[in-house]
Amino acid sequence: MSENHNSSSDELPSDFIRTIINEDQAAGAYEGRVVTRFPPEPNGYLHIGHAKSICLNFGIGEQYKGARCHMRFDDTNPTREDIEYVESILADVKWLGFDWGDNLFYASDYFEQLYEYAEQLIRDGNAYVDSLTAEEIREFRGTLTEPGRESPDRDRPAEESLDLFRRMRAGEFPDGECVLRARIDMTSPNLNMRDPVLYRIRHAEHHRTGNDWCIYPMYDYAHSLSDSIEGITHSLCTLEFEDHRPLYDWCQEALGIYRSRQIEFARLNLTHTVMSKRRLRQLVEEGHVAGWDDPRMPTLSALRRRGYTPESIRDMCERVGVARRNSMTELALLEHCLREDLNRRAPRRMAVLDPLKVVITNYPEGGSEEFDAINNPEDEAMGTRRVPFAREVYIERDDFMEDPPRRFYRLAPGREVRLRYACLVTCTDVIKDERGDVVEVHCTYDPESRGGNVPDGRRVQGTIHWVSAAHALPMEIRLYDNLFTETDPAGSETDFLDLINRDSLDTVTAMGEPALTKAKAGDRFQFERLGYFCADTDSLPGAPIFNRTTTLRDTWARISQRSP
RNA sequence: UGGGGAUUAGUCUAGUGGUAAGACGCCUGACUCUGGAUCAGGUAUCACAGGUUCGAAUCCUGUAUCCCCAGCCA
């Protein structure tokens, strides 16, 4: 497999995990094989945090000769999972540009084998059926500073546990009646080793196995064994599973089966958003956003809808790197990756978000003409297009100031600017309404400057974008800002819901050049001087609706804020 | 002294005994029919305190701070 992303750098990523793999390869470990896996539970939508794990695991699968990455669903809890999530997860991974080939697996595929392994543990005295209640188990577990106590059932004869376990499977007990526990060490300082539960009873329909089972394996047990069954060499997971590693190892060792190695890395955190499933769910269910794919969400489906490219997300994940320290990546990095990608690829168009009418008084009434505009200055092959021009045009309200401050290069009374690709105009009059607000600006144009060129070589400081009023396409545009103004809403003292940015969505009616009429959902453009925009899935034929993916870097905004 | 982990610029990440590297951000300047892009330059002594050494971000000792763990969730 080859990657076509990040063509600007041929360097393969390197990090402590790849260093470990390199060492393993050099030492001939795992017979030279490298097998990773991406193991989500199908109980929600993937977000950009998952993208880091996907890029890591699949990236390693692509990087090493003969390596592969398995797509595996950790579907061991039927009450929270659904086929809907399986499908969206698969679509998202595919969208990011990764391919699992034939290696699509489900932990539920192994239920029978997992069950047999459990019987083996019981026979070997490594597991027992415990009839303590959930509350009792919790009490017996002890605390962080006090050791736990052994259950009265801990020394139950293997035969008895075996019988009980079979009856658990047969459905003789209601939920919660008993569990299968590993027999490890109730005094371990690591709570995960205090006889962890391996199986619980759940009379629930599973999205794949239906009602075949009423006992379901717990994560630690199922995950360790699934990795072993699939011959996973390097099992990469996030930091919070560090304390689970001894149990992960114990499961494979107690059964004497293939040994995989768990390695933990820090999860991705992004500023100005939340990443936990619980909080994302709350945003959706309480209606703070329109849905999982609301373009303000950090889910992959939302980022896709908003206009982010898979390449930009992969690039960001690569640049963030992989390490063991908790970190918070600035959203600015993702935005940079997006701009870099789209600057190269997105066709340019002109659109005016906040229109102010300009009348060119010396231009013939009723006349019009077309000018050539470059589709992408970064890529000549993208060619040019014709843009209609007439006596009345719209410009951005921000591009005119009656009383401009220093360093304002745009239109002002008496000042000449270039209408991009069209001509030079000079402001001669300002028309205001009774409240004193500017409603229209009058200009004269220099007929010698057709196309925007300056025959006598005189300099104009500003070049602004415009749209012919007579030809303009009115279109809905959704302007997004961060869902949270705080850097780390989840880490704040205040409830994150109280930190939601009330101005995160602003819908405006903009005027676009006619070429935009043909835009289809998913099409991305740079609207010159404004930002990158992507036609939303709500678009109708001939009536596109655009999401602003991100703005362009805006030097003027910084200057004007600094010294007004 | 419950256990486990982490600590390099505003952010992320390299460097594992030889005198701090890259990216984002920010600041300067050049250039420009996008105040975009591009180009050039600037922006830390490595949590702290001792110690070992000719030499320490790297080794040792101690301290501090932060993160994770008491689901029959993953």
Side-chain angles (χ1 to χ4, degrees), chain A residues 14-15 39-41 43 74-77 79-81 130 132-135 137-139 141-148 175-181 188-194 196-202 216 218-220 222-223 237-246 264 266 268 271 277 316 318-337 339-340 343-344 348 350 373-374 377-378 407-410 417-422 424 451-454 460-465 487 526-531 551-560:
Chain A
S14 166
D15 50 65
E41 182 188 16
N43 70 341
D74 239 328
D75 55 349
T76 57
N77 186 350
T79 60
R80 329 197 310 163
E81 299 158 4
D130 196 345
L132 249 32
T133 65
E135 301 77 66
I137 284 181
R138 193 191 328 119
E139 283 165 27
R141 185 158 33 231
T143 68
L144 292 176
T145 52
E146 295 159 18
D175 288 8
E177 181 76 7
C178 48
V179 293
L180 183 72
R181 288 231 257 171
S188 171
N190 182 345
L191 304 236
N192 292 303
M193 298 300 270
R194 319 241 262 228
V197 171
L198 265 25
Y199 270 90
R200 77 288 215 188
I201 300 171
R202 276 261 200 297
Y216 291 92
M218 297 287 288
Y219 163 82
D220 290 291
H223 200 87
C237 62
T238 44
L239 252 27
E240 66 269 26
F241 291 104
E242 239 162 351
D243 290 340
H244 294 241
R245 195 188 332 135
E264 310 84 17
L268 175 74
T271 59
K277 210 162 268 180
M316 184 206 68
E318 212 160 274
R319 291 185 193 224
V320 162
V322 181
R324 287 181 67 84
R325 51 187 291 213
N326 293 308
S327 58
M328 175 77 72
T329 296
E330 288 176 342
L331 187 62
L333 180 61
L334 211 212
E335 291 176 333
H336 168 83
C337 294
R339 291 188 186 113
E340 188 175 83
N343 176 51
R344 231 173 27 236
R348 267 92 250 235
M350 289 200 285
I374 295 168
E378 306 294 318
R407 299 220 266 174
F408 182 82
Y409 300 153
R410 286 109 95 146
V417 299
R418 174 185 293 106
L419 295 182
R420 187 154 161 88
Y421 298 126
L424 266 43
N453 302 307
V454 207
V460 277
Q461 292 228 80
T463 296
I464 63 178
H465 59 96
T487 306
Q526 181 195 102
F527 290 171
E528 296 221 31
R529 302 209 306 132
L530 297 174
T551 59
L552 251 30
R553 283 185 73 228
D554 190 349
T555 306
W556 166 245
R558 283 200 300 263
I559 294 170
S560 60

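Hydrogens, waters and symmetry mates play no part in the numbers below; they use all other heavy atoms, side chains included. Proteins get letters first, then strands, A, B, ... in listed order; numbering begins at 1 in each.
The gap from the P atom of C24(B) to that of G41(B) amounts to 14 Å, rounded to the nearest Å. Nucleotides U11(B) and U45(B) are separated by 14 Å at their P atoms, to the nearest Å. Straight-line distance between the C1' atoms of U63(B) and U28(B): roughly 42 Å, to the nearest whole Å. Taking atom C1' on both C54(B) and U19(B), the two are 13 Å apart, rounded to the nearest angstrom. Taking atom C1' in both U16(B) and G55(B), the straight-line distance is 16 Å, to the nearest Å. Taking atom C1' on both nucleotides, A23(B) is separated from U8(B) by 15 Å, rounded to a whole Å. Taking atom C1' in both A14(B) and A9(B), one finds a spacing of 14 Å when rounded to whole Å. A57(B) sits 12 Å from A44(B) when the C1' atoms are compared, rounded to a whole Å.
Contact check, Ser327(A) against U13(B): a side-chain N or O comes under 4.0 Å of OP1 or OP2.
Applying the side-chain contact (heavy atoms from CB on, under 4.5 Å) test to Glu135(A) and every residue at least two apart in sequence or in another chain returns Thr133(A), Arg138(A). Every side chain to side chain donor-acceptor pair (under 3.5 Å) that Thr79(A) has, sequence neighbours left out, goes to Asn77(A). Legend: residues meeting side chain to side chain donor-acceptor pair (under 3.5 Å) with Asp75(A), ordered by chain and number and at least two apart, are Ser108(A). Applying the ring pair (Phe, Tyr, Trp, His ring centres under 6.0 Å) test to Phe527(A) and every residue at least two apart in sequence or in another chain returns Phe533(A), Phe546(A). Every residue was checked against the salt bridge (charged side-chain N to carboxylate O under 4.0 Å, His left out) condition with Arg200(A), not counting sequence neighbours, and none meets it. Residues that satisfy the ring pair (Phe, Tyr, Trp, His ring centres under 6.0 Å) test with His223(A), not counting sequence neighbours, are Tyr219(A). Checked against side chain to side chain donor-acceptor pair (under 3.5 Å), Thr329(A) has no partners two or more places apart in sequence or in another chain. Checked against side chain to side chain donor-acceptor pair (under 3.5 Å), Thr487(A) has no partners two or more places apart in sequence or in another chain.
To the nearest 0.5 angstrom, Met316(A) atom CE is 6.5 Å from Leu333(A) atom CG.
If you take CZ of Arg348(A) and P of U34(B), they are 11 Å apart, rounded to a whole angstrom. Remark: P of A37(B) and CG of Leu552(A) are 7 Å apart, rounded to the nearest angstrom. Remark: P of G36(B) and CZ of Arg344(A) are 19 Å apart, rounded to the nearest angstrom. Going from atom CG of Asp15(A) over to atom P of C12(B) covers 17 Å, rounded to whole Å. In this entry the distance linking OH of Tyr409(A) with P of U34(B) reads 13 Å, nearest Å. Taking atom CD of Gln461(A) as the reference point, atom C1' of G36(B) lies 17 Å away to the nearest angstrom. In this structure, the OH atom of Tyr421(A) is 16 Å from the P atom of U32(B), given to the nearest Å. Note: CZ (Arg325(A)) to C1' (U8(B)) measures 7 Å, nearest angstrom.
As judged by a 4.0 angstrom heavy-atom cut-off over every strand, Pro147(A) is placed among residues making no nucleic acid contact. Looking at heavy-atom distances under 4.0 Å, Val460(A) makes no contact with the nucleic acid at all. Contact annotation for Phe527(A): no contact, since no heavy-atom pair falls under 4.0 Å across all strands. Note on Thr555(A): only backbone sugar-phosphate atoms sit closer than 4.0 angstrom, heavy atoms only; bases stay farther off.
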* Asked: Could you write nucleotides 65-74 of chain B as a row of B, S and -, 5' to 3', where a protein heavy atom under 4.0 Å of any base atom gives B, of only sugar-phosphate atoms gives S, and otherwise -?
  -> --SBBBSBBB
* Any chance you could list the contact pattern along nucleotides 21-26 of chain B? Use B for base contacts, S for sugar-phosphate-only contacts and - for none, protein heavy atoms under 4.0 Å, 5' to 3'. => --SBSS
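Between the side chain of Arg410(A) and the main chain of Gln461(A), no donor-acceptor pair closer than 3.5 Å is present. With hydrogens and angles ignored, the 3.5 Å screen pairs no side-chain donor or acceptor of Arg348(A) with any backbone N or O of Gln526(A).
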What's touching nucleotides 44-48 of chain B from the protein side, N or O pairs under 3.5 Å?
none

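Among the nucleotides G35(B), G2(B), U34(B), the one closest to any side-chain atom of Glu528(A) is U34(B). Comparing A14(B), G35(B), U34(B) by their closest approach to the side chain of Ile559(A) singles out G35(B).
A 4.5 Å side-chain heavy-atom check between Arg319(A) and His336(A) finds at least one atom pair inside the cut-off. For the pair Cys178(A)/Ile201(A), a side-chain contact is recorded, criterion being any heavy-atom separation below 4.5 Å from C-beta on. His465(A) places a side-chain heavy atom less than 4.5 Å from the side chain of Leu530(A).
Annotated as syn: G71(B), whose O4'-C1'-N torsion sits within 90° of 0.
Here Trp556(A) and Phe408(A) bring their ring centres to under 6.0 angstrom of each other.
Between the side chain of Gln526(A) and the base of U34(B), at least one donor-acceptor pair of N or O atoms lies under 3.5 Å. Counting distance only, with no hydrogens placed and no angle test, the side-chain atoms of Arg410(A) and the base atoms of G35(B) include a donor-acceptor pair under 3.5 Å.
Stretches of at least 3 consecutive Watson-Crick or G-U wobble pairs, with each checked distance under 3.5 Å, appear in RNA chain B as B:2-7 with B:64-69, B:10-13 with B:21-24, B:25-30 with B:38-43, B:47-51 with B:59-63.
Residues Val197(A) and Met218(A) come closest through the heavy atom pair O-CG, 3.3 Å.
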